[in-house]
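Computed over heavy atoms, backbone and side chain alike; hydrogens, waters and symmetry mates excluded. All ligand and atom numbering here is 1-based and tracks the order in the structure.
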Amino acid sequence: MKDLASASTDKIKSFLKGTAEDIQFAAQLLTKGKVVALPTETVYGLAADALNPDAVREIFTIKGRPLMDPLIVHVLDLEHASRIAEINETAKQLAKSFWPGPLTLILPKKPCVPDLVTANQPSVAVRSPKHPLFRAVLKASNLCLAAPSANPFSYVSPTRAEHVRHTLGDKLPYIMDGGPCEHGLESTILSLLDPKAPIVLRPGPITAEAIEAVIQRPALSSSAEIDMHNPVSMAAPGLLKQHYSPKTPLYLCHRDDLDGKDPLAAYVFWQRPQPLDFNSKFIYWLTEDGSVETAARSFYHLLQTIDNEGHNAIFLENPPHGDGLYLALKNRLQKAAYKFR
Ligand code: TXA
Ligand code: MG
């Protein structure tokens with residue numbers, strides 16, 4: 001068994017790999033109030049015992065996240081969800097269809113949930129992740145795990161263990177490597193505080209259409225956007241205009257504006273240009289096959305990679321029009337580019 005006592009001082013030497021021993025070790029760390037980065041099917045998460053305020057505080061410290069931004073609590077199943085949230089019929093229906101998977105439900109919270117998790121709100125965000133390693137740790141620990149994306153606050157989200165090590169490795173001794181994330185974009189967040197009028201707070205891999213097909217009523221999209229400097233608007237958090245941004249200035253462009261004229265810039269096409277006759281050697285594309293699923297999966301990885309190459313700008317072609325996953329990807333792109341307008 002690995003040495004738990006050295007957990008807080010260790011720098012990362014190697015990733016936890018998801019062997020039976022590593023899973024037990026991660027569960028033990030979490031039970032003792034430590035923070036462990038774990039893979040999910042959306043992005044990597046920074047996990048800690050949701051019912052332990054000291055452990056949760058450590059998540060905020062490691063991420064540099066403002067305390068008014070609440071966390072998602074990850075649970076094994078609906079029964080575990082009912083430990084922390086009031087489950088209504090609509091939630092049951094949706095959980096039956098989409099859990100485990102990338103759908104987060106906002107529900108009234110139970111008193112056991114620390115105010116730190118919910119930023120003093122009466123609601124809690126709950127989801128049951130699908131990644132087998134995250135599930136194995138939930139099972140081994142028997143905990144509910146608060147976990148935001150494992151990136152420094154407002155930076156690009158991590159879709160590989162290496163991204164977490166690169167950006168947070170000096171603050172976080174334990175990262176479990178579960179390979180590249182399947183979806184590559186964060187979960188859909190749906191408010192069920194009024195189950196008759198569900199609201200999509202964050203578009204994601206589970207589309208509004210798929211939700212509507214299950215609950216047989218409209219799921220409205222929230223158009224509210226949050227101003228970090230206006231505490232009143234933080235009553236509906238999670239909708240910051242600026243988020244997921246690289247350090248390198250990022251500009252969304254029409255394809256015709258990708259001209260290759262700046263020798264130090266990176267140019268990102270939607271799909272591989274045919275033929276590949278382009279001025280710049282710094283040319284990338286989001287999807288080889290043109291599918292939006294592939295583009296979503298590679299988006300954060302590409303941004304992290306390009307951001308580490310030292311370009312003076314990133315010019316990225318706007319994705320084609322579309323709904324469903326296109327809306328989720330556009331949402332992330334616009335937030336990532338917002339501060340460079
Ligand atoms: O796919 C995901 O959801 C990933 C993985 C790790 O599960 N997690 C994730 O967490 O994206 P995070 O913290 O980066 O984003 C969660 C969002 C935040 O913007 C937060 O404001 C919102 O969920 N949120 C959390 N609790 C809420 C609540 N009670 N009401 C409204 N929004 C809430
Ligand atoms: Mg995040």
Side-chain angles (χ1 to χ4, degrees), residues 35-48 50 56 59-60 62-75 84-86 98-110 113-131 133-135 137-138 144-159 163-164 167-168 176 178 181-193 199-206 222 224-226 228 233-245 296 300 328 331-332 335-336:
V35 176
V36 180
L38 296 174
T40 87
E41 73 281 21
T42 57
V43 300
Y44 275 70
L46 209 51
V56 171
I59 294 179
F60 284 93
I62 291 172
K63 256 187 90 89
R65 175 166 170 135
L67 292 178
M68 70 262 229
D69 196 355
L71 306 178
I72 296 175
V73 181
H74 297 65
V75 295
I84 56 162
E86 303 290 350
F98 299 115
W99 281 7
L103 177 65
T104 296
L105 302 175
I106 308 291
L107 294 164
K109 79 167 191 129
K110 288 202 168 157
V113 183
D115 288 338
L116 204 52
V117 172
T118 63
N120 293 311
Q121 296 193 94
S123 61
V124 63
V126 193
R127 97 171 180 98
S128 182
K130 191 169 157 212
H131 197 291
L133 295 186
F134 204 118
R135 297 191 67 70
V137 173
L138 281 170
C144 297
L145 295 174
S149 51
N151 50 312
F153 180 66
S154 91
Y155 188 63
V156 182
S157 296
T159 54
H163 300 161
V164 186
T167 55
L168 294 176
M176 186 173 282
C181 298
E182 176 191 342
H183 295 291
L185 292 183
E186 298 84 349
S187 61
T188 305
I189 301 182
L190 183 74
S191 173
L192 289 181
L193 293 180
I199 303 171
V200 177
L201 297 179
R202 180 174 72 185
I206 306 291
S222 167
E225 283 199 317
I226 303 303
M228 271 290 285
S233 72
M234 288 304 286
L239 300 166
L240 295 166
K241 282 186 193 162
Q242 184 216 311
H243 214 56
Y244 321 112
S245 304
Y300 285 137
N331 166 277
R332 307 307 191 275
K335 288 175 194 243

Mind checking whether [X] and [Y] have side chains closer than 4.5 Å, heavy atoms only?
X	Y	value
Asn331	Leu185	no
Arg65	Leu71	yes
Pro129	His131	no
Ser187	Ile72	yes
His243	Ser157	no

Of all the atoms in ligand 1, which lie at a distance below 4.0 Å from a heavy atom belonging to [X]?
X	value
Glu186	1 (O), 2 (C), 11 (O)
Gly45	6 (C)
Asp69	18 (C), 19 (O), 20 (C), 21 (O)
Gln121	28 (C), 29 (N), 30 (N)
Ser149	8 (N), 9 (C), 10 (O), 12 (P), 14 (O)
Ala125	25 (C), 26 (N), 27 (C)
Ser187	1 (O), 2 (C), 3 (O)

Tell me whether ligand 1 is touched by [X] - counting only heavy atoms on the residue side and a distance under 4.0 Å.
X	result
His183	no
Ser123	yes
Lys109	no
His243	no
Leu71	yes

* What protein N/O/S atoms lie closer than 2.8 Å to the Mg ion (ligand 2)? ->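 Atoms qualifying: Ser149 OG.
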
Regarding ligand 1, does [X] bring an N or O atom to under 3.5 Å of one of the ligand's N or O atoms?
X	value
Lys63	no
Thr40	no
Tyr44	no
Thr42	yes

Please check if the side chain of [X] supplies one atom and the backbone of [Y] the other of a donor-acceptor pair under 3.5 Å.
X	Y	answer
Arg202	Ala328	no
Thr42	Glu186	no
Thr188	Leu103	no
Ser245	Ala336	yes
His183	Pro102	no

* is_close_aromatic(His163, Tyr44), centroid dist under 6.0 Å ->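 Ring centroids of His163 and Tyr44 are no less than 6.0 Å from each other.
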
* Name all residues meeting the salt bridge (charged side-chain N to carboxylate O under 4.0 Å, His left out) criterion together with Arg135; count only those two or more places apart in sequence or in a different chain, and write none if there are none. =>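 Arg135 satisfies salt bridge (charged side-chain N to carboxylate O under 4.0 Å, His left out) with no other residue.
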
* Could you pull out all residues at least two apart from Glu41 that satisfy side-chain hydrogen bond (donor to acceptor under 3.5 Å, both in side chains)? =>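 side-chain hydrogen bond (donor to acceptor under 3.5 Å, both in side chains) list for Glu41, sorted by chain: Arg127.
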
Can you give the donor-acceptor pairs under 3.5 Å from side chains of residues 144-153 to other protein atoms, not counting sequence neighbours?
| unit_1 | atom_1 | unit_2 | atom_2 | d |
| --- | --- | --- | --- | --- |
| Ser149 | OG | Lys63 | NZ | 3.4 |
| Ser149 | OG | Asn151 | OD1 | 2.6 |
| Asn151 | OD1 | Lys63 | NZ | 3.1 |
| Asn151 | ND2 | Tyr155 | O | 2.7 |

